[in-house]
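Worth saying up front: this structure is predicted, and the values here are computed from it rather than measured. Only this structure's heavy atoms are used, side chains among them; waters, hydrogens and symmetry mates stay out.
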Amino acid sequence: MRRLVVATRSPHKLRELRELLALRNAELVSLDDVGVVGEPDEVGETFEANARLKARFYARASQLPTLADDSGLEVDALGGRPGVRTRRYAGADATDDDNNRKLLAELDGTPYGKRGARYVCVLALALPDVTGPQGGLPVRTVRGTFRGRIAIAPRGSGGFGYDPIFEPSWVAPGHATVGEMTAAEKNAVSHRARAARRMAPILRSLGF
């Protein structure tokens, strides 16, 4: 089986992508599994730019095909914030609760009809092919989007990040958040799941 590096040190994310991609001819391994140290500065202003940057960085470091993702939350009423700063919205060392509180405070008084938001995930695949462009690292990207709105208050303890304050678009305002969904329900509709469904045939066409 061919090894495919997933640019993460999180067992949760590695397991999730193994399940979502369901590749028969690839062994998905983490950065720690292949002994890669260090990380790039995520200086991109878009999810696509950061995903490409990470994929190339770790493909060079590992000399293996590498799949990286960059994902986050965009809120209409905030002009697309937090965007690429989703993880560190309330500060470099912010917890999920810190970020959620900051976002809810910024939307305080905003009616449900103007609380539209979307989760976005971009997956980038870098192949360490010395004959390719971009310094021998051609990159393919796909994008997945999960639309919804920001709740008035957190509900549910499932998921992570902004899940307790994100309501899917097909749910009536004030009803279930992603934090109240099961892992299977979330994986069927999430932004990462939708991106993975677009990336899977690309990987299979390359023999993974």
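Between H191 and Y119, the ring planes lie parallel to each other; the angle is under 30°, not in the 30° to 60° tilted range.
For the side chain to side chain donor-acceptor pair (under 3.5 Å) test, no residue two or more places apart in sequence or in another chain qualifies with N187. Contacts of K13 classified as side chain to side chain donor-acceptor pair (under 3.5 Å), with partners at least two apart in sequence or in another chain: D69. In this structure P164 satisfies the side chain to side chain contact (heavy atoms under 4.5 Å, CB included) test together with N100, P154, sequence neighbours excluded. Partners of R81 by salt bridge (Lys or Arg N to Asp or Glu O under 4.0 Å), not counting sequence neighbours, listed by chain and number: E106. For Y162, the ring pair (Phe, Tyr, Trp, His ring centres under 6.0 Å) test picks out no residue, with sequence neighbours left out. Take R3 and apply the side chain to side chain donor-acceptor pair (under 3.5 Å) test, not counting sequence neighbours, and it matches no residue.
Closest approach of P82 and V75 over heavy atoms only: CD-CG2, 4.2 Å. For P168 against A176, the heavy-atom pair with the smallest separation is CD-O, 3.5 Å. In this structure, P65 and R2 approach most closely via the heavy-atom pair CG-NH2, 4.2 Å. Scanning both residues, A124 and A55, for their nearest heavy atoms gives O-CB, 3.7 Å. The nearest pair of heavy atoms linking L20 to A196 is CB-CB, 3.8 Å. Contact record, T177 with A151: CG2-CB, 4.3 Å, taken as the closest heavy-atom pair.
Sorted by first then second residue, the salt bridge (Lys or Arg N to Asp or Glu O under 4.0 Å) pairs that include residues 199-208, not counting sequence neighbours, number zero. Within the structure, every pair that satisfies the salt bridge (Lys or Arg N to Asp or Glu O under 4.0 Å) test and touches residues 90-99, not counting sequence neighbours, is listed here: D98-R101. Sorted by first and then second residue, the pairs that involve residues 166-188 and meet salt bridge (Lys or Arg N to Asp or Glu O under 4.0 Å), not counting sequence neighbours, are R149-E167, R155-E167, R155-E180, D163-K186. Applying the salt bridge (Lys or Arg N to Asp or Glu O under 4.0 Å) definition to pairs two or more places apart or across chains, those involving residues 17-36 are R9-D32.
Under the 4.5 Å side-chain heavy-atom criterion for Ile, Leu, Val, Met, Phe, Trp and Tyr, L123 and F208 are members of the same hydrophobic cluster. There is a path of hydrophobic side-chain contacts, each under 4.5 Å, that joins L21 to L127. With hydrophobic clusters built from ILVMFWY side chains whose heavy atoms lie under 4.5 angstrom apart, L206 shares a cluster with V6. There is a path of hydrophobic side-chain contacts, each under 4.5 Å, that joins I165 to V189. No chain of hydrophobic side-chain contacts below 4.5 Å, direct or via other Ile, Leu, Val, Met, Phe, Trp or Tyr residues, connects Y89 to V120.
The residues D76 and K114 are annotated as not salt-bridged, no charged nitrogen and carboxylate oxygen being separated by less than 4.0 angstrom.
Within the 4.5 Å cutoff, no side-chain heavy atoms of L53 are placed close to those of D70. Contact of the L73 side chain with the I150 side chain is registered, since non-hydrogen atoms from C-beta on lie closer than 4.5 Å. L28 is listed as a side-chain neighbour of L14, based on a closest heavy-atom distance under 4.5 Å. Counting heavy atoms from C-beta on, the side chains of F160 and H12 come closer than 4.5 Å. Here the side chains of F146 and V178 are in contact, with some heavy-atom distance below 4.5 Å. Side-chain contact between T66 and L125 is absent, with no heavy-atom pair separated by less than 4.5 Å.
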For a side chain to side chain contact (heavy atoms under 4.5 Å, CB included) check, start with the C-alpha distance between I202 and V142, then their side-chain angles and the critical distance, and finish with the verdict. CA-CA 10 Å; I202 296 173; V142 295; 3.8 Å; yes
What's the verdict on side-chain hydrogen bond (donor to acceptor under 3.5 Å, both in side chains) for R192 and S71, showing C-alpha distance, side-chain angles and the deciding distance? CA-CA 8 Å; R192 188 168 288 112; S71 55; 3.2 Å; yes
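Here the CG-CD distance, from L31 to E39, works out to 9.5 Å after rounding to the nearest 0.5 Å. Here the straight-line distance linking atom CZ of R118 with atom OG1 of T145 works out to 7.5 Å at 0.5 Å rounding. Here the OG1-CD1 distance, from T110 to I152, works out to 8.0 Å after rounding to the nearest 0.5 Å. To the nearest 0.5 angstrom, R15 atom CZ is 11.0 Å from T8 atom OG1.
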What pairs of donor and acceptor atoms, side-chain ones from residues 40-48 against any protein atom, are under 3.5 angstrom apart with sequence neighbours left out?
residue : atom : partner : partner atom : Å
T46     : OG1  : A49     : N            : 3.0
E48     : OE1  : R143    : NH1          : 3.4
E48     : OE2  : R143    : NH1          : 2.6

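In the hydrophobic clustering, where aliphatic and aromatic side chains (Ile, Leu, Val, Met, Phe, Trp, Tyr) are joined below 4.5 Å either directly or transitively, M1 stands alone.
A donor-acceptor pair under 3.5 Å links the side-chain atoms of R115 to the main chain of L107, judged by distance alone.
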